[in-house]
Amino acid sequence: SLYPEQIVDFLALCGDSSDNIPGVRGIGEKTATTLLSEYGDLDNIYNNLDKIKSSWKTKLEEGKDSAYLSQQLAQLKYVENLDEAELPINGDIKRLLEELELKSILNRLFKEDIKTITFNKVANHLIIFPFADKFYTTDGKNIAILKEVDNIKPKYIFNLKELYKITKKFYEQTIDLEIVCWLADPDFGAINLTDKDEPESIAQKIVSKKDYALNVMEQYNMWQLYWEMEHKIIKILAEMETIGIKLDPIKLKESDLKIKSLIDKEKQYIEHIIGEEINLNSPKQLSKIIFEKLKMKPFKKNKTGYSTDEESLRNMIPLNIQYEDLLKAILRHREYSKLVSTYTSKLSEYINPSTGRIHTVFKQTGTATGRLSSQNPNLQNIPQKGDLGAEIRGSFVSEDGYSFVSFDYSQIELRILAEISGDENLKNAFINDLDIHNLTAMSILGIKEDEITKDIRRIAKAVNFGIVYGLSPYGLSRDVGISVGEAKKFIDKYFETYPKVKEYMNNIVINAQKNGHVETLFGRKRFVKDLNSSNSILRQRNERIAINSPIQGTASDIIKMAMIKCYDYLNNNNIDGKMILQIHDELVFEINDK
């Protein structure tokens with residue numbers, strides 16, 4: 001069962017066709033109920049995707065925009081006087097219907113539709129967009145197949161990256177409406193296409209958002225951000241996708257067999273301890289063994305009983321110290337199984353037979369903060385830590401005579417927090433190259449450096465990074481396995497140590513309430529709504545967005561500027577090497593050894 005305050009998030013996940021709430025494709029009522037019983041709310045579900053089984057995780061990742069849009073749609077707003085109500089999108093009913101894609105009502109009220117015709121001549125001011133290996137053009141009312149792209153100078157293109165990859169011609173002065181619509185409304189403005197879309201519906205989506213997006217870009221002075229950063233990144237990403245990265249399938253298969261042998265070994269050990277065979281992928285079977293047969297003390301409860309998710313099992317170790325080895329073996333079995341299902345058994349499927357390389361797709365409009373995402377496959381979440389992470393990464397190889405070279409930013413978001421907040425203690429820690437996690441541990445616990453244990457450092461690290469995301473005492477207690485009271489003391493002590501960080505967090509929320517948006521140091525805007533909502537869950541979520549977006553967004557801007565400078569440096573100096581991957585704060589190059 002769910003609590004009343006969870007119903008909105010329930011609808012955000014499974015949708016409601018009667019109210020045109022899309023939800024997340026593939027997530028039904030039963031799954032939505034299970035997820036909310038386990039994680040509480042929508043934000044917590046997305047903050048714990050790595051703990052959710054892969055089939056649900058994939059659907060949730062692909063449907064994230066739809067989930068948060070659905071959450072907004074499911075919110076009821078009560079007004080006594082419609083004439084005085086603040087309607088979305090500046091009271092523009094037509095624009096609102098377009099935004100919600102209520103096409104039948106839109107056409108009935110405004111008699112508009114886009115039809116396919118044949119243009120005698122393609123005018124340069126038309127919008128060009130790709131579909132099924134062809135390019136189409138639209139004037140806002142009609143569409144036609146574009147037979148030739150070499151002799152035109154279009155003002156607008158949707159998905160310039162795809163056009164450049166096909167034609168090898170980059171339109172320096174052309175506005176990419178895919179990017180602009182997203183910049184103008186990074187949470188809900190991105191134009192997401194589906195398998196059901198046809199040229200007419202694609203054109204309709206683009207045209208419905210075009211004028212609004214262009215006006216926002218002008219009103220909020222975001223054209224410099226577009227031309228100096230996002231437009232240049234389009235070309236760089238297109239070339240990175242075309243180059244790809246080489247994967248050695250033999251090495252990957254060796255890793256696959258090695259990890260599978262570890263899975264078998266852990267399973268045998270677990271079954272030896274519990275005295276019977278078990279399907280470790282069945283939460284029901286596992287729960288029966290550890291709670292009924294072995295009588296372990298649980299950590300938390302969900303709808304179906306005591307939880308056996310990763311967080312619960314880790315936190316059960318100190319509660320059941322006599323079963324420490326068993327619980328750790330179960331956790332290792334899960335970790336190894338995930339490596340196989342996500343990486344070692346899958347990555348080879350993405351190798352292009354003609355190039356022998358994997359060509360991921362970098363999505364420029366995939367996040368609201370400006371971070372790039374990667375798909376088909378996601379090469380930004382390849383494990384980095386531990387021997388097995390190195391094993392999998394070792395399957396990616398450079399061409400003969402070339403080597404991989406990577407550079408990354410150290411603790412970039414904490415450094416940005418120090419700069420934006422102006423906190424002297426935090427700034428001095430970085431200026432003097434101190435260990436920021438040890439420093440925080442000593443400050444919040446009042447201990448000396450030689451007294452810091454692994455667990456204490458883990459808590460300090462969670463506080464340092466969590467503050468950037470608007471960490472709550474409950475969130476810290478959940479993440480590191482301490483009481484909410486202890487977590488609150490740690491956070492309060494953190495703010496005593498870094499007082500201007502607290503001041504920044506308070507001020508950024510106040511300014512967002514006043515201005516309706518927050519922005520990065522490079523002028524990227526994120527429009528924050530519902531900061532005055534009576535719904536505490538919705539209000540707190542938007543407060544976290546207001547606190548985090550300028551920091552994470554600035555980090556994204558900095559790495560993009562680094563990409564542009566590195567790209568120019570390689571080309572201007574005729575260096576035999578290419579940038580092939582961006583992994584958030586890391587850039588990977590394939591460079592000639594000579």
Side-chain angles (χ1 to χ4, degrees), residues 122 124 126-138 143 145-183 190-195 197 199 202-203 205-206 226-227 229-247 349-367 371-380 396 399 559-560 563-564 566-568 570-571 576-583 587-590:
V122 176
N124 289 334
L126 301 181
I127 303 167
I128 296 171
F129 63 92
F131 178 77
D133 298 325
K134 295 178 181 177
F135 282 92
Y136 288 75
T137 185
T138 179
I143 66 170
I145 293 176
L146 186 61
K147 295 181 179 179
E148 149 124 52
V149 295
D150 289 337
N151 298 318
I152 61 170
K153 294 180 180 179
K155 185 173 182 181
Y156 302 112
I157 291 178
F158 178 85
N159 196 346
L160 174 56
K161 182 175 69 173
E162 190 64 22
L163 182 61
Y164 174 60
K165 286 169 71 173
I166 292 172
T167 65
K168 305 304 178 188
K169 182 177 180 180
F170 192 70
Y171 296 86
E172 299 286 357
Q173 304 303 318
T174 294
I175 295 173
D176 187 338
L177 290 174
E178 181 180 25
I179 308 300
V180 165
C181 289
W182 162 70
L183 279 176
I191 300 174
N192 297 308
L193 305 183
T194 70
D195 294 339
D197 273 312
I202 294 172
K205 285 182 176 182
I206 297 169
Y226 173 79
W227 291 114
M229 186 183 300
E230 296 295 348
H231 190 80
K232 292 179 179 180
I233 286 292
I234 296 170
K235 184 177 184 180
I236 296 171
L237 294 180
E239 294 188 13
M240 289 168 65
E241 290 177 8
T242 302
I243 295 163
I245 185 170
K246 189 175 182 180
L247 180 76
E349 298 174 6
Y350 292 98
I351 297 176
N352 185 313
S354 62
T355 65
R357 298 167 77 92
I358 289 179
H359 302 270
T360 187
V361 175
F362 290 102
K363 191 166 177 60
Q364 201 169 341
T365 62
T367 71
R371 293 181 91 183
L372 297 175
S373 58
S374 164
Q375 58 191 28
N376 299 324
N378 184 351
L379 294 184
Q380 292 184 321
F396 292 92
E399 295 289 352
I559 195 71
K560 284 180 178 177
M563 292 173 70
I564 293 167
C566 289
Y567 177 85
D568 290 342
L570 291 173
N571 287 295
D576 185 7
K578 298 291 183 182
M579 183 164 35
I580 57 173
L581 281 180
Q582 189 254 50
I583 308 171
L587 294 179
V588 180
F589 302 82
E590 191 171 16

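With contacts defined as side-chain heavy-atom distances shorter than 4.5 Å, the pair His231/Ile179 does not qualify. The closest side-chain heavy-atom distance from Asn159 to Phe135 is not below 4.5 Å. Between Phe158 and Ile128 the shortest side-chain heavy-atom distance does not fall below 4.5 Å. In this structure the side chain of Thr242 reaches within 4.5 angstrom of the side chain of Lys168, judged on heavy atoms.
In this structure, Tyr136 and Phe131 have perpendicular ring planes: the angle between them is above 60°, well past the 30° mark.
Listed by first and then second residue, the side-chain hydrogen bond (donor to acceptor under 3.5 Å, both in side chains) pairs involving residues 356-365 are Glu230-Gln364, Thr355-His359, Arg357-Glu399, Arg357-Glu590, Thr360-Ser374 (not counting sequence neighbours).
For Thr137 (side chain) and Leu126 (main-chain N/O), no donor-acceptor pair under 3.5 Å exists by modelled atom type. Formation of a donor-acceptor pair under 3.5 Å by the Trp182 side chain with backbone atoms of Thr367 is found in this model.
Lys165 pairs by the side chain to side chain donor-acceptor pair (under 3.5 Å) definition with Glu241, not counting sequence neighbours. Every side chain to side chain donor-acceptor pair (under 3.5 Å) that Asn352 has, sequence neighbours left out, goes to Ser354. The side-chain contact (heavy atoms from CB on, under 4.5 Å) check on Asn571 picks up Tyr567, Lys578, with sequence neighbours excluded. Applying the side chain to side chain donor-acceptor pair (under 3.5 Å) criterion to Tyr164, with sequence neighbours excluded, gives Glu239. Residues passing the salt bridge (Lys or Arg N to Asp or Glu O under 4.0 Å) test with Lys235: none are found, sequence neighbours excluded.
Atom CD1 in Ile206 sits 7.0 Å away from atom CG in Leu177 (nearest 0.5 Å). The distance from atom OG1 of Thr174 to atom CD of Glu172, rounded to the nearest 0.5 Å, is 9.0 Å. Atom OH of Tyr171 and atom CD1 of Ile234 lie 13.5 Å apart (nearest 0.5 Å). Taken to the nearest 0.5 Å, the CD1 atom of Ile351 stands 11.5 Å off from the CD1 atom of Ile245. One finds the CG atom of Leu372 at 11.5 Å from the CG atom of Leu581 (value rounded to the nearest 0.5 Å). Taken from CD1 in Ile564 to NZ in Lys232, the straight-line distance is 6.0 Å, to the nearest 0.5 Å.
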Test side chain to side chain contact (heavy atoms under 4.5 Å, CB included) applied to Leu193 and Ile202, step by step: CA-CA 7 Å; Leu193 305 183; Ile202 294 172; 4.0 Å; yes
Side chain to side chain contact (heavy atoms under 4.5 Å, CB included), that's the test. Do Leu160 and Phe170 meet it? Break it down for me. CA-CA 8 Å; Leu160 174 56; Phe170 192 70; 3.7 Å; yes
Could you walk me through whether Leu587 and Ile559 satisfy the side chain to side chain contact (heavy atoms under 4.5 Å, CB included) test, starting with their C-alpha distance in whole Å, then the side-chain angles of each, then the deciding distance to 0.1 Å, before giving a yes or no? CA-CA 8 Å; Leu587 294 179; Ile559 195 71; 4.0 Å; yes
Using the rule given for side chain to side chain contact (heavy atoms under 4.5 Å, CB included), can you reason through Met579 versus Ile243, listing the C-alpha separation, both sets of side-chain angles and the distance that settles it, and then say yes or no? CA-CA 9 Å; Met579 183 164 35; Ile243 295 163; over 6 Å; no
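Taking each heavy atom of Phe396 and Ile358 in turn, the nearest pair found is CE2-CD1, 4.3 Å. Taking both residues in full, the closest heavy atoms of Ser373 and Gly366 are given as OG-CA, 3.9 Å, listed atom of the first, atom of the second, then distance. Taking each heavy atom of Ile233 and Lys560 in turn, the nearest pair found is CD1-O, 3.6 Å.
Salt-bridge formation is not detected for the pair Asp176/Lys161: no Lys NZ or Arg NE/NH1/NH2 atom is positioned less than 4.0 Å from an Asp or Glu carboxylate oxygen.
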